[in-house]
Student: 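There's a structure below that I have some questions on.
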Protein chains: 2
Amino acid sequence: MTKKGEISYLPNLAYDSVVFGFSGEKLKILIMEYHNTGLFALPGGFVKYDEDLNTAVKRGLKERTGIEDIYLEQFYCFGDSKRNATGEMKTIMEANNLPIEEENWMLERFVSVAYYALINYEMVVPTPDELSDSCEWYALDELPPLIQDHSIIVKKALETLRLNLERKLVGMNLLPEKFTMKELQKVYEAILGEELRRTTFQRKILSLGILKRHEKQYTGASNKAPYLYSFNV
Amino acid sequence: MTKKGEISYLPNLAYDSVVFGFSGEKLKILIMEYHNTGLFALPGGFVKYDEDLNTAVKRGLKERTGIEDIYLEQFYCFGDSKRNATGEMKTIMEANNLPIEEENWMLERFVSVAYYALINYEMVVPTPDELSDSCEWYALDELPPLIQDHSIIVKKALETLRLNLERKLVGMNLLPEKFTMKELQKVYEAILGEELRRTTFQRKILSLGILKRHEKQYTGASNKAPYLYSFNV
DNA sequence: TTCTATTGTCTCATATCGTGACAATAATAA
DNA sequence: TTATTATTGTCACGATATGAGACAATAGAA
C-alpha cells in the first residue's frame, strides 16, 4: 500500500487514457503538458486501494473533462518493466520542485492499463491537473512527441477503435444528439483514415436500422437540406 | 515490493491464463485443482519486479504446459476491488497449512491481467504447481465451478477468441503441422459453437490463399481420402 | 464388380457492394 | 418568376460474395 499525500493507492499500477473527440473535421485527443518542461503525456492516474479500476478511470476522466458518464473501453495493459524508466518523470518532478529521493514512488515501475474514451467534443472543458499547465485537444496527425510509451498507446488505441467501429456504436458517442448523414460519414472517415463513398455509406448505415430520421436541417446554404438523424438505442 | 520466499514480485498484480486446446472434437481449457479443497481455478501467477508482464506469463505457461513458444493474446485486465475477496484463497491456504496472518499478501486485493493461449493439445504435459494436485483439460461445456471471477474470465476469453477468429491465424496454433480440411472446420465450429456448411467453409478458406496442399491422408476408411494442408506462413 | 461414406468442385439463386446516374431541393442570381 | 448551383436522397446496373444443393471422384468393404 503506497501513501501519496493522504490517500493510499495501489502501488506500481496506473492507467492512461486516450480521449477521442471529433471537431467536425478531424479526430483529436486530449494531451497534457507538464509545467516548464515541454513534455507531453496522456491523461492518466492511479487507483485507490479500495476502488474498482474502471471507477478510478471514470473519476480521473471526470476531472479532466467535466463529463460524468463517459463511454470507455479498456484496450490493453502495458507491462514492460522498463516502459516508464525513460527519465522524463524525473525532469517533471524537478520542474515542479518535488523531492527526488531514490525510492520516490513516482519513479518506480508502473504497469499501466490503457483505456480509450469517446466524447462529444463540444461538451468538454479540458482541465489540467496539479503537475500540468495545459490539457488540450490535438489532432491525431499533429501530436507533439509524447513521453514514455505513450505514442505506442495512442497507436494501439486507434487500431482498437478501428476494429471496434463496426461492432460498437461509435458515432453515438462522438456526435451530438442529432446529426446529418454527412457528419456521421466524416466521423467514420476520420477514424478509418480513408474516404468513403457517399452512396454506399448511406445505404449501409440506413440498412442497419439503428437511425431515426428527424426534421431537415436548414443551414442557409443554397442546396438541398439534409435530414437530421439520431441513434435509435 | 513484495517478498514471496526469496523473490520480489510486483504487489497486488497477477495474471490469469485461459489455455485453449483442441481435442479433435471439443475445445478444452486447462484448469487447476487445489489440494484438499475441491476448488478449481485458472492457471495464473505473479510478475517479478524486473520482469516484463508478457515474459512473466510465458514463464508461467511454460511451467504448466512444458511448451516454450506459446501463442498468447492479452484480452482484458480485471480490476474490481472485491474480485478476489471471495474467501476461497483463505480455504486454499488453510488446506495447505500456510500461515494466515491478517496481512498475508495472498489475501490482498489483486488486479489480474488475463491472457488466452492457443496450443497444440497433444504437445502439452499438464503440470500442477505447489498448491495444486492437478492441472487438467476440461471441455468448455463441462467446466467445474471456478473460484473468484474466473468463470467470467473464461467467458470473455471465448468471446475475444471468436472475434479474433477471422483476423488471426487461430487454426495454426490449435492443430498439428498438417491437418485435413475437416479438422480445420471442426476447430472453427468448436470456437464458434455452431455448425458450418462444408462447401462454403472450404471455398472461403481456400480463397484466402493461406493453405498449402500436401499429400492425401489414407486412414483406412472406405471413402475418398482427404488432402492434408498446412499454413503457408 | 457393386456399394457406401466422404471429399473436391461446380452451379444457381440470393444478397451485398462498388459505381455511376438522376431527380429533388434550398438558397442565390437574373 | 425563372434559371443557376451545390448538395442530398434514391435508384439502377454490374461485379463480387454467400447460401444451398447437386454431382462426380474416390478408398475401402461387401
Side-chain angles (χ1 to χ4, degrees), chain A residues 22-25 162-163 165-167 170-171 175-232, chain B residues 22-25 162-163 165-171 175-232:
Chain A
F22 183 65
S23 68
E25 202 53 44
R162 281 179 185 164
L163 288 174
L165 187 55
E166 296 151 26
R167 298 189 296 103
V170 168
L175 290 171
E177 170 97 21
K178 291 183 182 179
F179 49 88
T180 65
M181 192 60 73
K182 183 165 201 166
E183 288 168 333
L184 185 59
Q185 184 178 342
K186 288 274 183 194
V187 169
Y188 274 70
E189 290 177 336
I191 292 174
L192 293 173
E194 60 181 319
E195 304 212 331
L196 300 175
R197 215 147 246 285
R198 184 178 65 92
T199 53
T200 310
F201 179 79
Q202 188 142 346
R203 177 174 54 191
K204 176 127 177 213
I205 293 288
L206 287 177
S207 76
L208 295 176
I210 54 174
L211 291 188
K212 188 175 172 185
R213 180 180 283 184
H214 299 277
E215 73 281 4
K216 288 189 173 185
Q217 183 192 54
Y218 300 91
T219 59
S222 63
N223 50 37
K224 187 170 179 178
Y227 287 104
L228 287 171
Y229 295 89
S230 66
F231 284 95
N232 210 357
Chain B
F22 183 65
S23 68
E25 201 56 43
R162 280 179 184 162
L163 289 174
L165 186 55
E166 295 150 25
R167 297 189 296 104
K168 317 222 175 187
L169 291 173
V170 168
L175 289 171
E177 170 96 22
K178 292 184 182 178
F179 49 87
T180 65
M181 191 61 73
K182 183 165 202 166
E183 288 169 333
L184 185 59
Q185 185 178 342
K186 287 274 182 192
V187 168
Y188 274 70
E189 289 177 337
I191 291 173
L192 293 173
E194 60 180 318
E195 304 213 331
L196 301 175
R197 212 149 249 285
R198 185 178 62 92
T199 54
T200 310
F201 178 78
Q202 188 143 348
R203 177 175 53 191
K204 177 125 178 215
I205 294 286
L206 287 177
S207 77
L208 295 177
I210 54 173
L211 291 189
K212 188 176 174 186
R213 180 179 281 184
H214 300 276
E215 73 281 4
K216 288 190 171 184
Q217 183 192 54
Y218 299 94
T219 60
S222 64
N223 50 39
K224 186 169 180 177
Y227 287 104
L228 286 170
Y229 294 90
S230 67
F231 283 96
N232 210 357

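In this text, all values refer to a predicted model and were calculated from it rather than measured experimentally. Each chain gets a letter, A, B and so on, in the order the sequences are listed, and its residues count up from 1. Every heavy atom of this structure was used, including side-chain atoms; hydrogens, water molecules and symmetry mates were not.
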Student: Taking the six-membered ring for Trp and the single ring otherwise, decide whether the centroids of B/Phe179 and B/Phe231 are under 6.0 Å apart.
Tutor: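 Distance test on ring centres: under 6.0 Å, yes.
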Student: Decide yes or no for A/Leu163 and B/Leu163: does some side-chain heavy atom of the first lie under 4.5 Å from some side-chain heavy atom of the second?
Tutor: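 A side-chain contact under 4.5 Å is absent here.
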Student: Can you tell me the distance, in whole Å, between the CZ atom of A/Arg213 and the P atom of D/dT8?
Tutor: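 Computing the A/Arg213:CZ to D/dT8:P distance gives 13 Å.
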Student: Nearest-Å distance, CG (B/Leu211) to C1' (C/dG8)?
Tutor: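 Distance, rounded to whole Å: 14 Å.
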Student: Using modelled atom types and a 3.5 Å cut-off, is there a donor and acceptor pairing between side-chain atoms of B/Gln217 and backbone atoms of B/Pro226?
Tutor: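 The answer is no, because no donor-acceptor pair under 3.5 Å joins these two groups.
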Student: For residues 215-225 of chain A, which residues have at least one heavy atom under 4.0 Å from DNA chain C?
Tutor: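 Result for residues 215-225 of chain A: A/Lys216, A/Tyr218, A/Gly220, A/Ala221, A/Ser222, A/Asn223, A/Lys224, A/Ala225, sorted by number.
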Student: Heavy-atom nearest nucleotide on DNA chain C for A/Thr200 versus B/Leu228: which residue maps closer to 5'?
Tutor: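 First, find each residue's nearest nucleotide; the 5'-ward one identifies B/Leu228.
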Student: Does the side chain of A/Lys182 get closer than 4.0 angstrom to OP1 or OP2 of D/dT8 through an N or O atom?
Tutor: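 It does, given that an N or O in the side chain of A/Lys182 lies less than 4.0 Å from OP1 or OP2 of D/dT8.
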Student: Between C1' on D/dA12 and CZ on A/Arg203, what's the gap in Å once rounded to a whole number?
Tutor: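 To the nearest whole Å, that distance equals 10 Å.
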Student: Check every strand shown and say whether A/Thr199 touches a base, only sugar-phosphate, or nothing at a heavy-atom separation below 4.0 Å.
Tutor: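 A/Thr199: base contact, heavy atoms under 4.0 Å.
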Student: In whole angstrom, what separates A/Lys204's NZ from D/dA17's C1'?
Tutor: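 In whole Å, D/dA17 C1' lies 13 Å from A/Lys204 NZ.
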Student: Whole Å only: how far is the CZ atom of A/Phe201 from the P atom of D/dT8?
Tutor: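 Between P of D/dT8 and CZ of A/Phe201: 13 Å.
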Student: When the distance from CD1 of A/Ile205 to P of D/dT8 is rounded to whole Å, what number comes out?
Tutor: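 Taking atom P of D/dT8 as the reference, CD1 of A/Ile205 is at 16 Å.
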Student: So, does the side chain of A/Arg198 form a donor-acceptor pair with the base of D/dG9 at under 3.5 Å?
Tutor: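 Counting by modelled atom types and ignoring angles, a donor-acceptor contact under 3.5 Å is found here.
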Student: Looking at D/dG9, C/dT11, C/dG8, which one has an atom nearest to any side-chain atom of A/Gln202?
Tutor: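 Given the options D/dG9, C/dT11, C/dG8, the side chain of A/Gln202 is closest to D/dG9.
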Student: Kindly indicate whether the side chain of A/Tyr227, heavy atoms from C-beta on, has any atom under 4.5 Å from the side chain of A/Met181.
Tutor: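 Counting from C-beta outward, A/Tyr227 and A/Met181 never come under 4.5 Å.
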Student: With a 4.5 Å limit on heavy-atom distance, are the side chains of B/Leu228 and B/Thr180 in contact?
Tutor: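 When only atoms from C-beta onward are counted, B/Thr180 and B/Leu228 do touch, with a gap below 4.5 Å.
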Student: Just how far, in rounded Å, is C1' of C/dA26 from OH of A/Tyr227?
Tutor: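 One finds 13 Å between C1' of C/dA26 and OH of A/Tyr227, rounded.
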Student: Round to the nearest Å and state the distance from A/Leu184 atom CG to D/dT8 atom P.
Tutor: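 Those two atoms, CG and P, are 13 Å apart.
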Student: Any N or O donor-acceptor pair linking the side chain of B/Arg197 to the base of D/dG21 at under 3.5 Å?
Tutor: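 There is none.
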Student: Do A/Glu183 and A/Phe22 come close enough that some side-chain heavy atom pair is under 4.5 Å?
Tutor: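 Side-chain contact under 4.5 Å: no.
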Student: Tell me which one of A/Lys178, A/His214, A/Lys212 satisfies side chain to side chain donor-acceptor pair (under 3.5 Å) with A/Ser230.
Tutor: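 Of A/Lys178, A/His214, A/Lys212, side chain to side chain donor-acceptor pair (under 3.5 Å) with A/Ser230 is met by A/His214 alone.
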